[in-house]
Amino acid sequence: MDVLFGNLPEMVEFQVEFLKTLEDGTRLVPDLEKLERVDQFKKILFSLGGSFLYYADRFKIYSAFCASHTKVPKVLVKAKTDHEFKAFLDDRNPKQQHSSTLESYLIKPIQRVLKYPLLLKELYSLTDPDSEEHYHLDVAMKAMNKVASHINEMQKIHEEFGAVFDLLITEQSGEKKEVADLSMGDLLLHTSVTWINPPASLGKWKKEPQIATFVFKTAVVFVCKDGSKQKKKMGGSHRVSISSEEKDPFRFRHMIPTDALQVRSLGNADGEGSAVCEIVHIKSESEGRPERTFQLCCSSPESRKDFLKTVHSILREKHRRQLLKTESLPLNQQYVPFGGKRLCALKGARPTINRAGKCQSVAPSVPILNSYLTQIGLMKTDNGCVSKTGQQPGR
(Lines give C-alpha, C1' and ligand atoms only; values in the text may rest on other atoms or scores of the structure.)
Protein backbone atom coordinates (compact mmCIF):
# COMPACT_ATOMS: atom_id res chain seq x y z
CA MET A 1 0.00 0.00 0.00
CA ASP A 2 2.85 2.39 0.78
CA VAL A 3 4.34 1.82 -2.67
CA LEU A 4 1.00 2.41 -4.40
CA PHE A 5 -0.23 5.43 -2.47
CA GLY A 6 2.80 6.75 -0.58
CA ASN A 7 2.17 10.27 0.72
CA LEU A 8 -1.07 10.70 -1.22
CA PRO A 9 -3.05 11.81 1.91
CA GLU A 10 -0.57 14.70 2.46
CA MET A 11 -0.80 15.63 -1.23
CA VAL A 12 -4.60 15.73 -1.07
CA GLU A 13 -4.48 17.89 2.06
CA PHE A 14 -2.10 20.31 0.34
CA GLN A 15 -4.19 20.43 -2.86
CA VAL A 16 -7.33 21.28 -0.90
CA GLU A 17 -5.48 24.20 0.68
CA PHE A 18 -4.10 25.32 -2.69
CA LEU A 19 -7.49 25.01 -4.39
CA LYS A 20 -9.02 27.30 -1.78
CA THR A 21 -6.58 30.07 -2.70
CA LEU A 22 -7.51 29.70 -6.39
CA GLU A 23 -11.21 29.85 -5.57
CA ASP A 24 -10.65 32.91 -3.39
CA GLY A 25 -8.98 34.55 -6.40
CA THR A 26 -11.96 33.93 -8.66
CA ARG A 27 -14.21 35.66 -6.14
CA LEU A 28 -12.31 38.88 -6.70
CA VAL A 29 -14.25 39.40 -9.92
CA PRO A 30 -18.03 38.92 -9.96
CA ASP A 31 -19.68 37.39 -13.04
CA LEU A 32 -16.45 35.75 -14.11
CA GLU A 33 -18.09 33.82 -16.95
CA LYS A 34 -19.30 37.08 -18.52
CA LEU A 35 -15.85 38.66 -18.94
CA GLU A 36 -14.86 39.28 -22.56
CA ARG A 37 -11.53 41.16 -22.58
CA VAL A 38 -8.14 39.98 -21.32
CA ASP A 39 -7.59 43.15 -19.28
CA GLN A 40 -10.72 42.30 -17.27
CA PHE A 41 -8.91 39.24 -15.89
CA LYS A 42 -6.13 41.37 -14.38
CA LYS A 43 -6.99 40.70 -10.72
CA ILE A 44 -7.56 36.99 -11.24
CA LEU A 45 -4.34 36.47 -13.18
CA PHE A 46 -2.40 38.40 -10.56
CA SER A 47 -3.94 36.27 -7.81
CA LEU A 48 -3.33 33.07 -9.77
CA GLY A 49 0.36 33.86 -10.27
CA GLY A 50 0.67 34.75 -6.59
CA SER A 51 -0.85 31.43 -5.50
CA PHE A 52 1.59 29.36 -7.58
CA LEU A 53 4.51 31.51 -6.48
CA TYR A 54 3.60 31.25 -2.79
CA TYR A 55 3.10 27.47 -2.86
CA ALA A 56 5.90 26.57 -5.31
CA ASP A 57 8.12 24.90 -2.71
CA ARG A 58 5.17 23.03 -1.23
CA PHE A 59 4.59 21.36 -4.61
CA LYS A 60 7.83 19.45 -4.03
CA ILE A 61 5.74 17.16 -1.86
CA TYR A 62 4.91 15.43 -5.14
CA SER A 63 8.52 14.30 -5.59
CA ALA A 64 8.23 11.26 -3.29
CA PHE A 65 5.02 10.06 -4.95
CA CYS A 66 6.39 10.60 -8.45
CA ALA A 67 9.68 8.87 -7.68
CA SER A 68 8.08 5.75 -6.20
CA HIS A 69 5.61 5.51 -9.10
CA THR A 70 8.19 3.53 -11.09
CA LYS A 71 7.44 0.59 -8.78
CA VAL A 72 3.68 0.72 -9.29
CA PRO A 73 3.42 -1.50 -12.43
CA LYS A 74 5.38 -4.37 -10.84
CA VAL A 75 3.43 -4.12 -7.59
CA LEU A 76 0.08 -4.14 -9.38
CA VAL A 77 1.02 -7.13 -11.55
CA LYS A 78 1.85 -9.08 -8.42
CA ALA A 79 -1.18 -7.77 -6.50
CA LYS A 80 -3.59 -8.79 -9.26
CA THR A 81 -2.66 -12.43 -8.74
CA ASP A 82 -4.80 -12.09 -5.61
CA HIS A 83 -8.31 -12.98 -6.84
CA GLU A 84 -10.08 -10.88 -4.19
CA PHE A 85 -8.03 -7.78 -5.03
CA LYS A 86 -8.60 -8.26 -8.76
CA ALA A 87 -12.35 -8.72 -8.18
CA PHE A 88 -12.36 -5.53 -6.09
CA LEU A 89 -10.79 -3.54 -8.95
CA ASP A 90 -13.10 -5.11 -11.58
CA ASP A 91 -16.20 -4.19 -9.56
CA ARG A 92 -15.16 -0.55 -9.65
CA ASN A 93 -14.52 -0.59 -13.38
CA PRO A 94 -17.35 -2.70 -14.83
CA LYS A 95 -16.87 -1.32 -18.36
CA GLN A 96 -13.14 -2.05 -18.21
CA GLN A 97 -12.25 1.45 -19.36
CA HIS A 98 -8.55 2.30 -19.24
CA SER A 99 -9.34 5.78 -17.88
CA SER A 100 -11.01 4.16 -14.87
CA THR A 101 -8.23 1.73 -13.95
CA LEU A 102 -6.17 2.13 -10.79
CA GLU A 103 -3.05 2.65 -12.93
CA SER A 104 -4.72 5.59 -14.67
CA TYR A 105 -5.76 7.20 -11.39
CA LEU A 106 -2.29 6.83 -9.92
CA ILE A 107 -0.61 8.56 -12.87
CA LYS A 108 -2.93 11.59 -12.77
CA PRO A 109 -1.18 13.46 -9.89
CA ILE A 110 2.12 13.23 -11.81
CA GLN A 111 0.54 14.44 -15.03
CA ARG A 112 -1.16 17.32 -13.28
CA VAL A 113 1.83 18.74 -11.42
CA LEU A 114 3.93 18.66 -14.61
CA LYS A 115 1.15 20.44 -16.56
CA TYR A 116 1.10 23.47 -14.24
CA PRO A 117 4.12 25.16 -15.91
CA LEU A 118 2.45 24.70 -19.32
CA LEU A 119 -0.77 26.25 -18.01
CA LEU A 120 1.10 29.27 -16.66
CA LYS A 121 3.05 29.60 -19.90
CA GLU A 122 -0.20 29.74 -21.89
CA LEU A 123 -1.67 32.42 -19.61
CA TYR A 124 1.62 34.33 -19.73
CA SER A 125 1.54 34.40 -23.53
CA LEU A 126 -1.97 35.90 -23.54
CA THR A 127 -1.15 38.87 -21.32
CA ASP A 128 0.25 42.29 -22.20
CA PRO A 129 4.09 42.15 -21.96
CA ASP A 130 4.10 45.52 -20.18
CA SER A 131 1.51 44.55 -17.58
CA GLU A 132 2.10 43.62 -13.94
CA GLU A 133 0.26 40.32 -14.31
CA HIS A 134 2.56 39.39 -17.22
CA TYR A 135 5.62 39.80 -15.00
CA HIS A 136 3.90 38.05 -12.09
CA LEU A 137 2.98 35.04 -14.24
CA ASP A 138 6.52 34.92 -15.61
CA VAL A 139 7.99 34.63 -12.09
CA ALA A 140 5.38 32.00 -11.13
CA MET A 141 6.07 30.02 -14.33
CA LYS A 142 9.82 29.95 -13.61
CA ALA A 143 9.16 28.80 -10.04
CA MET A 144 6.94 25.94 -11.22
CA ASN A 145 9.48 24.98 -13.89
CA LYS A 146 11.98 24.57 -11.07
CA VAL A 147 9.48 22.32 -9.27
CA ALA A 148 9.08 20.18 -12.41
CA SER A 149 12.87 19.95 -12.76
CA HIS A 150 13.16 18.98 -9.09
CA ILE A 151 10.56 16.22 -9.47
CA ASN A 152 12.30 14.86 -12.59
CA GLU A 153 15.63 14.95 -10.77
CA MET A 154 14.18 13.05 -7.78
CA GLN A 155 12.83 10.42 -10.17
CA LYS A 156 16.28 9.95 -11.70
CA ILE A 157 17.90 9.65 -8.28
CA HIS A 158 15.28 7.11 -7.19
CA GLU A 159 15.77 5.06 -10.35
CA GLU A 160 19.54 4.98 -9.78
CA PHE A 161 19.78 4.73 -6.00
CA GLY A 162 16.30 3.69 -4.82
CA ALA A 163 17.30 0.03 -4.48
CA VAL A 164 20.30 1.04 -2.34
CA PHE A 165 18.12 3.18 -0.07
CA ASP A 166 15.75 0.22 0.40
CA LEU A 167 18.70 -2.04 1.29
CA LEU A 168 19.99 0.43 3.86
CA ILE A 169 16.58 0.43 5.55
CA THR A 170 16.32 -3.38 5.64
CA GLU A 171 19.95 -3.83 6.77
CA GLN A 172 19.39 -1.95 10.02
CA SER A 173 20.08 -4.05 13.09
CA GLY A 174 17.92 -4.14 16.17
CA GLU A 175 14.19 -4.58 16.68
CA LYS A 176 13.37 -0.91 16.18
CA LYS A 177 14.67 0.72 13.01
CA GLU A 178 16.37 4.05 13.60
CA VAL A 179 15.29 5.24 10.13
CA ALA A 180 11.87 4.12 8.93
CA ASP A 181 12.17 5.34 5.34
CA LEU A 182 14.41 7.23 2.93
CA SER A 183 11.77 9.02 0.91
CA MET A 184 12.56 11.34 -1.99
CA GLY A 185 10.24 13.85 -0.36
CA ASP A 186 12.64 13.98 2.61
CA LEU A 187 15.78 14.45 0.51
CA LEU A 188 17.18 17.91 1.28
CA LEU A 189 20.47 17.80 -0.60
CA HIS A 190 22.47 15.48 -2.84
CA THR A 191 26.00 16.06 -4.05
CA SER A 192 29.24 14.30 -4.94
CA VAL A 193 32.25 14.65 -2.67
CA THR A 194 35.80 13.29 -2.58
CA TRP A 195 36.38 10.67 0.12
CA ILE A 196 39.76 11.41 1.68
CA ASN A 197 40.00 8.44 4.07
CA PRO A 198 38.45 5.38 2.36
CA PRO A 199 39.12 2.10 4.24
CA ALA A 200 41.73 -0.32 2.90
CA SER A 201 39.04 -3.01 2.72
CA LEU A 202 37.68 -1.34 -0.41
CA GLY A 203 40.95 -1.96 -2.25
CA LYS A 204 43.46 0.40 -3.79
CA TRP A 205 42.45 3.52 -5.65
CA LYS A 206 44.36 5.36 -8.34
CA LYS A 207 42.94 8.50 -6.82
CA GLU A 208 40.64 9.37 -3.96
CA PRO A 209 37.14 8.05 -4.75
CA GLN A 210 34.04 10.12 -5.33
CA ILE A 211 31.00 9.22 -3.24
CA ALA A 212 27.42 10.26 -3.78
CA THR A 213 26.19 12.00 -0.65
CA PHE A 214 22.55 12.40 0.31
CA VAL A 215 21.19 14.44 3.23
CA PHE A 216 17.71 13.28 4.22
CA LYS A 217 15.65 14.70 7.08
CA THR A 218 16.39 11.54 9.08
CA ALA A 219 19.86 10.46 7.93
CA VAL A 220 22.99 11.11 5.88
CA VAL A 221 23.77 8.46 3.24
CA PHE A 222 27.03 7.75 1.42
CA VAL A 223 27.14 5.58 -1.72
CA CYS A 224 30.24 4.72 -3.74
CA LYS A 225 29.75 3.26 -7.22
CA ASP A 226 33.33 3.13 -8.50
CA GLY A 227 35.25 0.10 -7.28
CA SER A 228 38.67 -1.19 -8.20
CA LYS A 229 38.57 -4.01 -10.76
CA GLN A 230 41.47 -6.30 -11.44
CA LYS A 231 42.23 -6.65 -15.13
CA LYS A 232 43.84 -9.77 -16.56
CA LYS A 233 45.53 -10.01 -19.92
CA MET A 234 44.43 -13.15 -21.76
CA GLY A 235 45.46 -14.00 -25.37
CA GLY A 236 46.23 -10.42 -26.36
CA SER A 237 42.87 -9.12 -25.19
CA HIS A 238 41.87 -7.47 -21.94
CA ARG A 239 39.10 -9.05 -19.93
CA VAL A 240 37.74 -7.85 -16.66
CA SER A 241 37.60 -10.39 -13.88
CA ILE A 242 34.46 -9.64 -11.91
CA SER A 243 33.70 -11.49 -8.71
CA SER A 244 30.18 -12.02 -7.45
CA GLU A 245 30.73 -9.09 -5.10
CA GLU A 246 31.85 -6.81 -7.94
CA LYS A 247 28.66 -7.49 -9.88
CA ASP A 248 27.03 -5.14 -7.43
CA PRO A 249 27.71 -1.69 -8.96
CA PHE A 250 27.57 -0.15 -5.49
CA ARG A 251 30.82 -1.02 -3.81
CA PHE A 252 30.02 0.86 -0.62
CA ARG A 253 26.91 2.15 1.10
CA HIS A 254 26.52 3.62 4.56
CA MET A 255 23.74 5.37 6.45
CA ILE A 256 24.14 7.59 9.51
CA PRO A 257 20.86 8.27 11.36
CA THR A 258 20.58 11.79 12.78
CA ASP A 259 20.63 10.34 16.33
CA ALA A 260 24.17 9.04 15.66
CA LEU A 261 25.39 11.93 13.50
CA GLN A 262 28.06 14.44 14.41
CA VAL A 263 30.05 17.13 12.60
CA ARG A 264 33.60 17.33 13.90
CA SER A 265 36.03 20.23 13.67
CA LEU A 266 39.19 19.69 11.65
CA GLY A 267 41.20 22.57 13.08
CA ASN A 268 43.00 24.46 10.30
CA ALA A 269 40.73 22.85 7.69
CA ASP A 270 37.71 24.70 9.07
CA GLY A 271 38.58 28.07 7.55
CA GLU A 272 36.26 29.87 5.18
CA GLY A 273 38.43 28.96 2.18
CA SER A 274 38.48 25.25 3.02
CA ALA A 275 36.38 22.61 1.25
CA VAL A 276 37.17 19.82 3.76
CA CYS A 277 34.87 18.59 6.52
CA GLU A 278 34.46 15.53 8.75
CA ILE A 279 31.24 13.64 9.38
CA VAL A 280 31.15 11.17 12.27
CA HIS A 281 29.00 8.10 12.88
CA ILE A 282 29.33 8.00 16.67
CA LYS A 283 29.92 4.68 18.37
CA SER A 284 27.23 2.65 20.06
CA GLU A 285 28.19 0.24 22.84
CA SER A 286 24.72 -1.33 22.85
CA GLU A 287 25.00 -2.16 19.14
CA GLY A 288 28.71 -2.93 19.29
CA ARG A 289 29.38 -0.27 16.67
CA PRO A 290 32.73 1.55 16.72
CA GLU A 291 33.06 5.20 15.80
CA ARG A 292 33.51 5.82 12.09
CA THR A 293 34.71 9.06 10.54
CA PHE A 294 34.30 10.28 6.97
CA GLN A 295 36.75 12.95 5.90
CA LEU A 296 35.26 14.63 2.85
CA CYS A 297 36.36 17.26 0.38
CA CYS A 298 33.57 19.15 -1.35
CA SER A 299 33.94 20.61 -4.82
CA SER A 300 34.34 24.15 -3.43
CA PRO A 301 34.16 26.11 -0.16
CA GLU A 302 30.65 27.21 -1.16
CA SER A 303 29.60 23.59 -1.68
CA ARG A 304 31.02 22.69 1.74
CA LYS A 305 29.08 25.56 3.29
CA ASP A 306 25.80 24.38 1.72
CA PHE A 307 26.48 20.78 2.75
CA LEU A 308 27.25 21.61 6.39
CA LYS A 309 24.36 24.07 6.56
CA THR A 310 21.97 21.29 5.53
CA VAL A 311 23.52 18.78 7.94
CA HIS A 312 23.29 21.26 10.81
CA SER A 313 19.64 21.92 9.94
CA ILE A 314 18.69 18.24 10.43
CA LEU A 315 20.67 18.16 13.69
CA ARG A 316 18.78 21.22 14.95
CA GLU A 317 15.51 19.58 14.00
CA LYS A 318 16.58 16.45 15.91
CA HIS A 319 17.26 18.53 19.03
CA ARG A 320 13.91 20.28 18.61
CA ARG A 321 12.09 16.92 18.47
CA GLN A 322 13.96 15.75 21.56
CA LEU A 323 12.96 18.90 23.41
CA LEU A 324 9.30 18.47 22.47
CA LYS A 325 9.49 14.85 23.56
CA THR A 326 11.01 15.90 26.89
CA GLU A 327 8.32 18.53 27.48
CA SER A 328 5.63 15.85 27.09
CA LEU A 329 7.13 13.82 29.96
CA PRO A 330 5.96 14.09 33.60
CA LEU A 331 7.64 16.91 35.53
CA ASN A 332 9.78 14.53 37.57
CA GLN A 333 11.23 13.05 34.37
CA GLN A 334 11.86 16.27 32.48
CA TYR A 335 15.34 17.61 31.86
CA VAL A 336 16.16 20.53 34.15
CA PRO A 337 18.94 22.80 32.83
CA PHE A 338 21.63 24.40 34.97
CA GLY A 339 21.73 21.93 37.82
CA GLY A 340 18.83 19.53 37.71
CA LYS A 341 19.09 16.84 40.38
CA ARG A 342 22.50 18.10 41.43
CA LEU A 343 20.92 21.25 42.89
CA CYS A 344 17.82 19.63 44.39
CA ALA A 345 19.70 18.77 47.58
CA LEU A 346 20.59 22.43 48.07
CA LYS A 347 16.96 23.51 48.47
CA GLY A 348 16.13 24.38 52.06
CA ALA A 349 19.63 23.47 53.22
CA ARG A 350 21.24 26.89 52.95
CA PRO A 351 23.26 27.51 56.13
CA THR A 352 22.76 30.75 58.01
CA ILE A 353 25.79 32.97 57.98
CA ASN A 354 26.62 35.32 60.80
CA ARG A 355 27.52 38.52 58.98
CA ALA A 356 28.27 40.44 62.16
CA GLY A 357 31.54 42.22 61.81
CA LYS A 358 31.71 41.31 58.12
CA CYS A 359 31.33 43.61 55.12
CA GLN A 360 27.96 44.98 54.21
CA SER A 361 26.03 43.40 51.36
CA VAL A 362 27.67 44.12 48.02
CA ALA A 363 24.37 44.09 46.09
CA PRO A 364 24.34 47.12 43.76
CA SER A 365 22.00 49.98 44.47
CA VAL A 366 18.87 50.42 42.36
CA PRO A 367 20.32 53.40 40.38
CA ILE A 368 23.44 51.40 39.55
CA LEU A 369 21.38 48.35 38.57
CA ASN A 370 19.15 50.46 36.36
CA SER A 371 22.22 51.99 34.77
CA TYR A 372 23.59 48.55 33.82
CA LEU A 373 20.19 47.41 32.55
CA THR A 374 19.85 50.53 30.44
CA GLN A 375 23.28 49.96 28.88
CA ILE A 376 22.26 46.49 27.64
CA GLY A 377 18.88 47.68 26.38
CA LEU A 378 16.88 46.68 29.44
CA MET A 379 15.36 48.74 32.21
CA LYS A 380 13.75 48.02 35.50
CA THR A 381 10.12 49.04 35.84
CA ASP A 382 8.44 50.48 38.92
CA ASN A 383 7.04 47.11 39.89
CA GLY A 384 10.47 45.47 39.80
CA CYS A 385 10.01 43.68 36.48
CA VAL A 386 12.69 43.84 33.83
CA SER A 387 11.49 44.84 30.37
CA LYS A 388 12.93 46.00 27.04
CA THR A 389 13.84 49.69 26.96
CA GLY A 390 11.06 51.76 25.51
CA GLN A 391 8.35 49.17 26.21
CA GLN A 392 5.63 49.50 28.77
CA PRO A 393 5.45 46.86 31.48
CA GLY A 394 3.07 44.03 30.75
CA ARG A 395 3.36 44.39 26.95
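Computed from a predicted model, the values in this text were never measured in an experiment. We're numbering straight along the sequence, starting at 1.
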S.K.: What I want to find out is whether K309 reaches D306 closely enough, with some N-O distance under 4.0 Å, to be called a salt bridge.
M.R.: no
S.K.: If I compare all heavy atoms of N197 with all of Q295, which pair ends up nearest, and what's the gap?
M.R.: OD1-N, 2.9 Å
S.K.: Give the minimum heavy-atom separation between T21 and S47, together with the two atoms involved.
M.R.: O-OG, 4.5 Å
S.K.: Is L22 reachable from F46 through a run of I, L, V, M, F, W or Y residues, each pair having side-chain heavy atoms under 4.5 Å apart?
M.R.: no
S.K.: Answer yes if L189 and V311 sit in the same cluster of Ile, Leu, Val, Met, Phe, Trp and Tyr residues linked by side chain heavy atoms under 4.5 Å apart, and no otherwise.
M.R.: yes
S.K.: Flag yes if V276 and V280 sit in one hydrophobic cluster, no otherwise; membership is Ile, Leu, Val, Met, Phe, Trp, Tyr, and two members link when side-chain heavy atoms are under 4.5 Å apart.
M.R.: no
S.K.: Taking atom NE2 of H150 and atom OG of S63, what is their separation to the nearest 0.5 Å?
M.R.: 4.0 Å
S.K.: Between K156 and E153, is the closest basic N to carboxylate O distance under 4.0 Å?
M.R.: no
S.K.: Can you confirm whether K318 is buried at NZ, in the sense that more than 12 heavy atoms of other residues, nucleotides or ligands lie under 6.0 Å from that atom?
M.R.: yes
S.K.: Only pairs at least two apart or in different chains count here, so list each ring-ring contact (aromatic ring centres under 6.0 Å, His included) that has a residue in residues 99-128.
M.R.: F52-Y116, F59-Y116, Y124-H134
S.K.: Between F161 and H190, does the ring centre distance come in under 6.0 Å?
M.R.: no
S.K.: Please tell me whether F252 and W195 form a close aromatic pair, meaning their ring centres lie under 6.0 Å apart.
M.R.: yes
S.K.: Cut-off 3.5 Å, side chains only: do E208 and T194 have a donor facing an acceptor?
M.R.: no
S.K.: Measuring from N152:CG to I157:CD1, what's the distance to the nearest 0.5 Å?
M.R.: 11.5 Å
S.K.: Do L106 and I61 share a hydrophobic cluster (ILVMFWY, side-chain heavy atoms under 4.5 Å, transitive)?
M.R.: yes
S.K.: Taking all heavy atoms of P109 and all of Y62, pick out the closest pair and write down the distance.
M.R.: O-CE2, 3.5 Å
S.K.: Taking all non-hydrogen atoms of both residues into account, name the closest pair between S131 and D128 and its distance.
M.R.: OG-O, 2.6 Å
S.K.: Any chance CZ of R292 has more than 12 other-residue heavy atoms, nucleotides or ligands included, within less than 6.0 Å?
M.R.: yes
S.K.: Tell me the closest heavy-atom pair linking A219 and L182, and the distance in Å.
M.R.: CB-CD2, 4.3 Å
S.K.: Working to the nearest 0.5 Å, report the span between OG of S100 and CG of L89.
M.R.: 12.0 Å
S.K.: Would you please test H136 and L45 for side chain to side chain contact (heavy atoms under 4.5 Å, CB included) and show each step?
M.R.: CA-CA 8 Å; H136 211 50; L45 292 175; over 6 Å; no
S.K.: Are there more than 12 heavy atoms of other residues, nucleotides or ligands under 6.0 Å from atom NZ of K42?
M.R.: yes
S.K.: Considering all heavy atoms of both residues, which atom of A56 and which atom of V147 are nearest to each other, and what is their separation?
M.R.: O-CG2, 3.1 Å
S.K.: Check for me, please, whether Y135 and L120 land in the same ILVMFWY cluster - side-chain distances under 4.5 Å, paths through other members count.
M.R.: no
S.K.: Measure the spacing between CG of L19 and CG of D24 and express it to the nearest 0.5 Å.
M.R.: 9.5 Å
S.K.: Please say whether more than 12 non-hydrogen atoms of neighbouring residues, nucleotides or ligands are located less than 6.0 Å from CD in E317.
M.R.: yes
S.K.: Does some side-chain heavy atom of F294 sit less than 4.5 Å from a side-chain heavy atom of T213?
M.R.: no
S.K.: From I44 CD1 over to E133 CD, what is the distance, rounded to the nearest 0.5 angstrom?
M.R.: 11.5 Å
S.K.: Quick one: OG1 on T191 to CD on Q210, what's the gap to the nearest 0.5 Å?
M.R.: 9.0 Å
S.K.: How far apart are the C-alpha atoms of I314 and F216, what are their side-chain angles, what is the distance that settles it, and do they pass the side chain to side chain contact (heavy atoms under 4.5 Å, CB included) test?
M.R.: CA-CA 8 Å; I314 64 174; F216 291 88; over 6 Å; no
S.K.: Applying side chain to side chain contact (heavy atoms under 4.5 Å, CB included) to V113 and M11, what does each step give before you reach the verdict?
M.R.: CA-CA 11 Å; V113 73; M11 289 165 55; over 6 Å; no
